[in-house]
Amino acid sequence: MKVPLLDLKPQYQSIKNEIMLSLDEVITSQSFILGPNVEKLELEIASYCGAEYAVGVNSGSDALLLSMMALNIKSGDKIITTPYTFFATVGSICRLNAEPLFADIDPVTYNIDPVKLESLIDSLSKQEKTKLKAIIPVHLYGQCADMEPILEIAKRYNIAVIEDAAQALGASCSIKNEEKKSCAMGDFGCLSFFPSKNLGCFGDGGMIVVKNEETATKLKSLRMHGMGETYFHQYVGMNGRLDALQAVVLLIKLPYLDSWAEKRTENAGLYKKLFKEQGLLEYLSPPQTGEGFKHVFNQFVIRTKDRDKLKEHLIRKEIGCAIYYPLSLHLQECFKFLGYKEGDFPESEKASNETLALPVFPELEKAQIEYVAEQIGIFYGR
Ligand SMILES: *Cc1c(COP(=O)(O)O)cnc(C)c1O
């Protein structure tokens with residue numbers, strides 16, 4: 001049996017007619033740049049997250065970059081984030097010549113550890129603290145970072161919080177006993193609509209969710225070369241708009257998002273049940289959802305010391321699986337200039353050697369999940 005890591009075709013088939021009709025309307029109108037569909041999507045995403053404003057941009061990476069541009073992040077500023085994330089989180093910091101500082105992850109959630117975050121800030125000199133401008137917590141794999149202490153620390157030091165929610169639209173966690181969706185907690189919530197995310201478009205797309213009109217207006221200017229009145233430029237911005245064609249696809253998909261996340265959660269639950277039945281829980285450390293957290297399983301990630309051999313075995317059995325991410329960012333060649341070495345962030349390094357993502361997309365058949373679990377069982381001699 002073949003089990004792909006991700007197959008987007010069945011989802012498309014289920015909504016093909018709706019999408020074709022809407023795409024045809026936009027194409028017939030020949031209005032491709034911004035316009036009513038982008039505005040409608042901005043309102044719907046903001047409201048879905050429980051926030052006031054959202055600004056459509058052309059990718060999750062640019063959502064991060066534009067958020068930092070809106071904060072006037074410049075050369076010499078410092079921004080704290082996790083070393084265990086997709087490249088864009090840190091790449092966008094460096095593109096503004098700001099300096100990324102890393103706090104290691106919690107080995108259970110793979111998200112930034114608030115205790116390490118706090119001790120990192122404590123270790124900075126007074127001079128360095130004045131350069132510290134923001135924290136970027138990443139909601140990795142679809143589970144929110146531990147936001148309550150992170151928000152408290154950010155408030156205490158008067159620094160901005162930019163949520164990297166690229167993998168976590170629809171995830172939530174509880175803040176002071178109140179359920180809060182991702183993107184509605186920090187000053188900026190960055191989303192990606194890359195096809196493999198839980199809400200994916202037909203190419204690249206992204207959005208920034210914000211709390212006040214002033215920031216939304218600045219972001220809207222920044223995504224249009226910093227323009228206010230046509231051809232009069234207030235800032236040096238960039239071309240960072242979301243396409244109307246992508247907005248139309250996303251408007252059709254958004255109403256299905258929660259039911260797709262439920263299927264992902266069911267699939268994750270079935271894996272865990274099957275692992276347990278085979279006595280494999282301690283070998284595989286499947287994801288744990290913290291109390292008060294809602295996980296949306298953009299990825300279902302297990303961890304094992306036998307990762308590379310297990311991966312080979314699964315690929316031989318035609319089961320798709322992948323490593324997110326094989327090299328901690330502080331050890332990447334392009335970040336050598338930051339001066340980090342192996343051992344600096346041990347939990348992140350360990351995770352990069354042990355984690356493996358299994359197929360979890362909503363349209364998976366039960367038999368396919370059973371086959372994956374069975375093959376893992378065979379690998380462990382069950
Ligand atoms: C996908 C992703 C991004 C970047 O999004 P793009 O739309 O691909 O630019 C940023 N951060 C994380 C954690 C991601 O998973």
Side-chain angles (χ1 to χ4, degrees), residues 5-6 8 41 45 54-69 79-96 100 102-103 105 109-112 134-145 147 150 161-171 182-183 185-186 188-209 219 223 238-243 245-247 249-250 253 261 264 287 295-301 322-330 332 335 348 351-352 355 357 360-361:
L5 179 61
L6 175 65
L8 293 164
L41 182 72
I45 293 277
V55 178
V57 297
N58 61 3
S59 70
S61 303
D62 282 351
L64 292 160
L65 185 65
L66 286 159
S67 299
M68 282 183 266
M69 287 166 74
I79 304 210
I80 299 179
T81 191
T82 157
Y84 190 66
T85 173
F86 177 58
F87 179 81
T89 319
V90 178
S92 55
I93 299 171
C94 293
R95 284 190 54 192
L96 294 173
F102 298 112
I105 55 167
T109 63
Y110 307 104
N111 284 325
I112 195 167
I135 304 172
I136 310 183
V138 180
H139 307 320
L140 203 68
Y141 304 146
Q143 177 166 229
C144 288
M147 291 302 287
I150 293 171
V161 174
I162 302 169
E163 291 176 65
D164 183 339
Q167 302 183 9
L169 178 58
S182 74
C183 294
M185 296 178 274
F188 299 81
C190 296
L191 292 169
S192 164
F193 304 126
F194 186 79
S196 67
K197 312 292 179 175
N198 282 21
L199 183 66
C201 62
F202 290 178
D204 282 305
M207 194 156 290
I208 310 164
V209 177
L219 287 167
R223 75 175 170 187
M238 56 195 260
N239 179 352
R241 299 173 295 251
L242 179 68
D243 281 333
L245 284 169
Q246 302 298 357
V249 172
L250 293 162
K253 285 192 174 193
R264 288 173 180 273
H295 199 315
V296 292
F297 293 100
N298 180 243
Q299 301 294 349
F300 179 84
V301 173
I323 299 168
Y324 305 114
Y325 298 92
L327 185 62
S328 185
L329 291 178
H330 68 285
Q332 296 285 347
F335 295 140
S348 175
S352 65
T355 52
V360 75
F361 64 94

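Hydrogens, waters and symmetry mates play no part in the numbers below; they use all other heavy atoms, side chains included. The structure presented is a predicted model; accordingly, all values stated were derived computationally and were not measured. Every number for a ligand or one of its atoms is a count from 1 in the order of the listing.
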Could you tell me how the ring of Phe297 sits relative to the ring of His295: parallel (under 30°), tilted (30 to 60°) or perpendicular (over 60°)?
-> parallel
Of the backbone atoms (N, CA, C, O) and the side-chain heavy atoms from C-beta on, which set of Ser61 has a member under 4.0 Å from an atom of ligand 1: side chain, backbone, both, or neither?
-> both
Is Asp62 touching ligand 1 with its side chain, its backbone, both, or neither, if touching means heavy atoms under 4.0 Å apart?
-> neither
Nearest heavy-atom approach of Ala357 to Val301 is CB-CG2, 4.0 Å
Closest heavy-atom pair, Ile105 versus Ala351, reported as atoms and distance to 0.1 Å, is CD1-CB, 4.0 Å
Of the backbone atoms (N, CA, C, O) and the side-chain heavy atoms from C-beta on, which set of Leu140 has a member under 4.0 Å from an atom of ligand 1: side chain, backbone, both, or neither?
-> neither
Under 4.0 Å from any heavy atom of Asp164, which atoms of ligand 1 are there?
-> 10 (C), 11 (N), 12 (C), 13 (C)
Protein heavy atom at shortest distance from atom 3 (C) of ligand 1 = Phe86 CD2, 3.5 Å
State the atoms of ligand 1, each with its element, that fall below the 4.0 Å cut-off from a heavy-atom position in Ser59.
-> 7 (O), 9 (O)
What are the two closest non-hydrogen atoms of Met68 and Ile162, and how far apart are they?
-> CG-CD1, 3.6 Å
Val138 heavy atoms, cut-off 4.0 Å: which ligand 1 atoms fall inside?
-> 13 (C)
Distance only, no hydrogens: is a donor on one side chain within 3.5 Å (strictly under) of an acceptor on the other, for Asp204 and Asn58?
-> no
Kindly confirm or rule out an N or O of Asp204 lying under 3.5 angstrom from an N or O of ligand 1.
-> no
To the nearest 0.5 Å, how far apart are CG in Leu199 and CG in Leu250?
-> 5.0 Å
Closest to atom 2 (C) of ligand 1 (judged by heavy-atom distance), picking from His139, Gln167, Lys197 = Lys197
Expected output: side-chain Asn298 to main-chain Leu169 donor-acceptor under 3.5 Å = no
Any N or O of Gly60 closer than 3.5 Å to N or O of ligand 1 | yes
Under 30°, 30 to 60°, or over 60°: which ring-plane class applies to Tyr84 and Tyr141, parallel, tilted or perpendicular?
-> perpendicular
For atom 7 (O) of ligand 1, the option (of Ser192, Gly205, Ala166) bearing the nearest heavy atom | Ser192
Atoms of ligand 1 under 4.0 Å from any heavy atom of Thr85, numbered from 1 in the order shown, are 13 (C)
